[in-house]
Amino acid sequence: MTSAVTVGSETAAHWRSGLALRTTQQHGRMSAWFRLTGHPAMETRLSDPETWLHEHGDSLYRFALQRTGDPAKSEDLVQDTLIAALQSRDRFSGNAQERTWLIGILKHKVIDHLRIRDREVATDFDAEPDLESEHFNARGRWQGTVPAWHDPDSALQQDAFFSTLEQCIDALPQRAGEAFRLRELHGLDTDEICAALEIGTANNLFVILSRARMSLRDCLTEHWFQAGAQETESC
Amino acid sequence: MLSCREVSRLASERMDRELSWREQIAFYMHLMMCRLCRRYARQLALLQRATGKLRQRRDDPVDWAALPEEARERIARRLRENSA
Ligand SMILES: [Zn+2]
């Protein structure tokens, strides 16, 4: 663990110094670029595209990587974003931060990518089992009991628990799994997920996420907590 | 009074949106009286904590990721082509 952190800091220091160097080299070219394009209104607001790459390239790349988990695709998304930014730079509002503006463009590209990826493996949401009907009786009360989880805090200290959790997430029905991952592992907000997965209303998404959490709870009960699932435990 | 089924839904939804005052009161009133829903809500909260830790474990390498030099040069070239 310690060595991983050390390597990380060295890498970070390395690219930071590289960054400083590149930015200095860039300076001459930058003013030349402005003279060529002759964009007086923009001059004070936006720097030139290669400076975007140098100053925000890593942030954009991380943003994409965190959401797609795909390094090669993330490079493409950064490139598409910068080219789109270049083509639409007249529409940049002076009030926005340059990086916020670029991230905003990237966000749309990421959502489009996830949408296409999802369509390639789309399944029928209606065909997924209705877990809630299994758990509740006609009057909406729990059918049987809610099994207790034995010693959940120690579970969070064990690598094996996280492997079980990952397997449970992988075992979710396709759409539920996708929605849950985007929400909890990639930190997208609900609007973004609805757009990416083409879910009509926020309420549909809430239903999907509620079912996903319920089946994850069932899966963890069965594959991790079962041994201690006595009524006496408190959680 | 909400049913357990409705409460199980709110236990999840409060992680995705802000519950109204009315919903919060109904939710906590039910929890006060229903041991199984209390347990379920606590388990969902633990699930969220566990997923948060899983996310941290996965994001650690991402936090240090940098756009590879090759890609950087390729993108710079494309930008120059496009601005020419
Ligand atoms: Zn209840």
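Letters A, B, ... are given to chains in the order of the sequence lines, protein chains preceding strands, and every chain is numbered from 1. Treat the numbers as computed from the prediction; the structure is a model and nothing was measured.
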Next item on the list: Under 4.5 Å, counting heavy-atom pairs only, tell me which of B/Cys37, B/Cys34, B/Gly52, B/Ala45 racks up the most with chain A.
Entry: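 Option with the greatest count: B/Cys37.
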
Note to self: Quick check for you: among B/Arg49, B/Gln56, B/Arg38, which has the greatest number of heavy-atom pairs under 4.5 Å with chain A?
What the structure shows: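 Most pairs with chain A among the choices: B/Arg49.
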
Next item on the list: Mind running side chain to side chain contact (heavy atoms under 4.5 Å, CB included) on A/Arg217 and B/Leu47 for me, showing each step along the way?
Entry: CA-CA 7 Å; A/Arg217 188 205 66 114; B/Leu47 172 68; 5.5 Å; no

Contacting region of [X] [heavy-atom separation from chain B under 4.5 Å]:
X	answer
A/Leu165	side chain
A/Leu60	neither
A/Leu216	side chain
A/Ser133	both
A/Leu220	side chain
A/His135	neither

Between [atom1] of [X] and [atom2] of [Y], what distance do you get to the nearest 0.5 Å?
X	Y	atom1	atom2	answer
B/Gln43	A/Thr221	CD	OG1	5.5 Å
B/Leu44	A/Leu209	CG	CG	11.0 Å
A/Asn203	B/Glu13	CG	CD	6.0 Å

Item checked: Within 6.0 Å of CD in B/Glu81, more than 12 heavy atoms from elsewhere ->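 Correct, the count exceeds 12.
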
Checklist line | Neighbour count >12 (heavy atoms, 6.0 Å) for atom CZ, B/Arg17 | finding: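 Result for CZ/B/Arg17: enclosed.
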
Between the side chains of [Y] and [X], is the shortest nitrogen-to-carboxylate-oxygen separation below 4.0 Å, so that they form an ion pair?
X	Y	result
B/Arg78	A/Asp80	no
B/Arg55	A/Glu184	no
A/Asp58	B/Arg72	yes

Which answer fits [X], side chain, backbone, both or neither, if we ask what part of it has an atom under 4.5 Å from a heavy atom of chain A?
X	answer
B/Glu6	neither
B/Leu79	both
B/Arg57	side chain

Is the closest side-chain heavy-atom distance between [X] and [Y] below 4.5 Å?
X	Y	value
A/Leu53	B/Leu67	yes
B/Asp16	A/Leu205	no
A/Asp76	B/Arg74	yes
B/Arg39	A/Trp149	no
B/Leu54	A/Glu166	yes

What closest approach, in Å, do [X] and [Y] show between heavy atoms, and which atom pair accounts for it?
X	Y	answer
B/Ser8	A/Ser210	O-OG, 4.2 Å
B/Ala50	A/Phe161	CB-CE2, 3.7 Å
A/Arg213	B/Ser12	NH1-OG, 2.7 Å
A/Arg62	B/Ala65	NE-O, 2.7 Å

Notebook entry, point to check: What pairs with A/Phe162 under ring-ring contact (aromatic ring centres under 6.0 Å, His included), at least two apart in sequence or on another chain?
Noted result: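 Partners of A/Phe162 under the ring-ring contact (aromatic ring centres under 6.0 Å, His included) test: none.
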
Next item on the list: Assess whether side chain to side chain contact (heavy atoms under 4.5 Å, CB included) is satisfied between A/Asn137 and B/Arg5, documenting all intermediate values.
Entry: CA-CA 9 Å; A/Asn137 66 23; B/Arg5 186 176 179 142; over 6 Å; no

